[in-house]
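Accompanying notes for the structure given below.
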Amino acid sequence: MKPQELSRRQSKYTARKVASGERVATSAMIASLDAEGRETIAAPFGHALVDLAKTREDIVGLTADLSKYTDLHVFAKAYPDRFYQMGMAEAVMISAAAGLAREGFTPFATTYAVFASRRVYDFIIMAIAEENLPVKIVCALPGLTTGYGPSHQATEDLAIMRGMPNLTIIDPCDAVEIDQATRAIADTPGPVYMRLLRGQVPNVLGEYGYRFKLGRAQIIRDGRDVLFVSSGLMTMRTLDAAKALQKDGVDCAVLHVPTIKPLDAETIIAEASKGGRLVVTAENHSVIGGLGEAVAATLMRAGVHVPFRQIGLPDAFLDAGALPTLHDQYGISVSAVTAAVKSWL
């Protein structure tokens, strides 16, 4: 059963305000990733790719029957002659992308993160990564961003992909960063795996004047008591948790790490070495093999000894259900992050 068919059978819906004030109803299974009322931007990846294609004829788009669900439909509508619908055949899509890259194109191939990481890993490594081809694999539903259970929840994709040589891995936070990262990876030599938040995506980093820099972690907020080291949507959560903790006299810094590989070890070590702070990694991924363990290994190798905790998804197959409930259940909601830090302090 396809997600859209199942969603019609769900009885509970949540609503979200977009920037225009319009209310958009969405199934709780794919509900808003952030609090109602925050500004959102529609399909930032799709629109960024269209903008890039205006001046770059090498940009092409491919999908495995998921253009609507990866926001590539925006590109398909603008450039139908540069769009390739490969059907439900991810291996064929990856092979075609490799062929296009060999002919001088810059392919953006989109699917769900579970399919790119689990289903076609060998095709990516043999056809693309070993040859260091400039294929950009952009994947929706990373981590726990869908309530459709283990078949759709890519809770271990970073662990799988981090071991691949030549591969750059990006986990953007919000609409602002998705737009900027899409443009940056188009100019990046070699293959890229980028996690994608789709549809109406919150604008969080805009208020901080943030600019994405490939391979660089950046301090979004400073603080003396706790250092959050986060990526992806968890940077939204740590920023909100920091505001909540501030009311209780706990001063939190947020170090955003959008590039998971290559990891910005220099900045992470420098921030963790400032002393006197609890270091807490936060990721929308299993605690096995993702950002948390990468940061822990980086600090250990550098001889930096600090109080350290991880926030992430458990090493388990997760339940299906409404996202707000699941995020509370598995400890990645703002309230869960706030409560965890209080308990550790």
Side-chain angles (χ1 to χ4, degrees), residues 3-4 7 10 12-52 66-78 110 112-113 138-148 170-184 194-212 220-221 230-244 254 256 258 282 284 322-328 332-335 337:
Q4 62 267 35
S7 70
Q10 304 303 316
K12 295 183 180 179
Y13 290 83
T14 59
R16 180 186 338 173
K17 291 180 181 177
V18 296
S20 65
E22 177 188 1
R23 297 181 69 83
V24 180
T26 318
S27 166
M29 302 285 275
I30 50 173
S32 169
L33 297 175
D34 213 49
E36 183 178 319
R38 179 168 261 163
E39 178 191 16
T40 63
I41 298 172
F45 165 67
H47 289 292
L49 202 60
V50 167
D51 198 40
L52 275 170
L66 288 169
S67 61
K68 181 179 177 182
Y69 303 102
T70 59
D71 292 342
L72 194 65
H73 67 288
V74 178
F75 177 85
K77 183 177 180 180
T110 73
Y112 287 163
V138 181
C139 296
L141 303 191
L144 186 53
T145 53
T146 174
Y148 289 106
I170 309 294
D171 188 15
C173 166
D174 72 342
V176 169
E177 188 161 51
I178 289 169
D179 176 89
Q180 295 175 6
T182 299
R183 300 168 193 274
M194 186 170 87
R195 289 175 133 204
L196 177 67
L197 303 178
R198 67 184 189 182
Q200 293 287 347
V201 183
N203 174 4
V204 176
L205 298 178
E207 66 179 277
Y208 297 92
Y210 176 84
R211 294 295 302 175
F212 172 80
I220 307 299
R221 172 192 171 110
S230 57
S231 68
L233 75 86
M234 288 309 293
T235 294
M236 299 186 203
R237 299 288 163 80
T238 55
L239 285 167
D240 287 343
K243 292 176 182 177
V254 175
H256 177 47
N284 172 36
L323 275 182
T325 301
L326 293 178
H327 286 187
D328 278 332
I332 64 170
S333 65
V334 174
S335 59
V337 171

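Quick caveat, the model's predicted, so the values are computed rather than measured. All residue numbers in this chain count up from 1 along the given sequence.
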Given Cys139 and Met194, is the side chain to side chain contact (heavy atoms under 4.5 Å, CB included) satisfied, shown in steps? CA-CA 6 Å; Cys139 296; Met194 186 170 87; over 6 Å; no
Evaluate the side-chain proximity of Leu197 to Met236: yes if any heavy-atom separation is below 4.5 Å, no if none is. yes
For residues Pro142 and Ala113, report the shortest heavy-atom separation together with the two atoms involved. CA-CB, 4.2 Å
Is the shortest distance from a Lys or Arg side-chain nitrogen in Asp71 or Arg198 to a carboxylate oxygen in the other one below 4.0 Å? no
With a cut-off of 6.0 Å (strictly less than), are more than 12 heavy atoms of other residues, nucleotides or ligands near CZ of Arg183? yes
Between Tyr210 and Pro258, is any pair of side-chain heavy atoms under 4.5 Å apart? yes
If you define the side chain from C-beta out and look only at heavy atoms, does anything of Asp328 sit under 4.5 Å from Ser335? yes
Exactly one of Leu233, Asp171, Thr235 clears side-chain contact (heavy atoms from CB on, under 4.5 Å) with Asn284, and that residue is Leu233
Show your reasoning for whether side chain to side chain contact (heavy atoms under 4.5 Å, CB included) applies to Leu52 and Thr182. CA-CA 9 Å; Leu52 275 170; Thr182 299; 4.2 Å; yes
Can you list the steps and then say if Thr146 with Leu323 is a side chain to side chain contact (heavy atoms under 4.5 Å, CB included)? CA-CA 7 Å; Thr146 174; Leu323 275 182; 5.6 Å; no
Which residues pass the side-chain contact (heavy atoms from CB on, under 4.5 Å) test with Val176, sequence neighbours left out? Asp174, Gln180, Asn203
Glu39 and Pro202, any side-chain heavy atoms less than 4.5 Å apart: no
Evaluate the side-chain proximity of Leu205 to Leu239: yes if any heavy-atom separation is below 4.5 Å, no if none is. yes
Decide yes or no for Ile170 and Pro172: does some side-chain heavy atom of the first lie under 4.5 Å from some side-chain heavy atom of the second? yes
Report the C-alpha distance between Val138 and Arg195 in whole Å, list the side-chain angles of each, state the deciding distance to 0.1 Å, and finish with yes or no for side chain to side chain contact (heavy atoms under 4.5 Å, CB included). CA-CA 6 Å; Val138 181; Arg195 289 175 133 204; over 6 Å; no
Rounding to 0.5 Å, atoms OH (Tyr208) and SG (Cys173) come to a distance of 9.5 Å
Sub-6.0 Å ring centroid separation between Phe75 and His47: no
Min side-chain heavy-atom separation Val204-Arg38 under 4.5 Å: yes
List the atom of Val334, the atom of Ala241, and the distance in Å for their closest heavy-atom pair. CG1-N, 3.9 Å
Okay, side chain of Arg237, backbone of Ile332: is any donor-acceptor separation there less than 3.5 Å? yes
To the nearest 0.5 Å, what is the distance between CZ on Phe45 and CD1 on Ile178? 9.5 Å
Taking the side chain as C-beta and beyond, is there a heavy-atom pair between Thr238 and Ser230 under 4.5 Å? yes
Please determine whether the number of non-hydrogen atoms from other residues, nucleotides or ligands lying under 6.0 Å from atom NZ of Lys77 exceeds 12. no
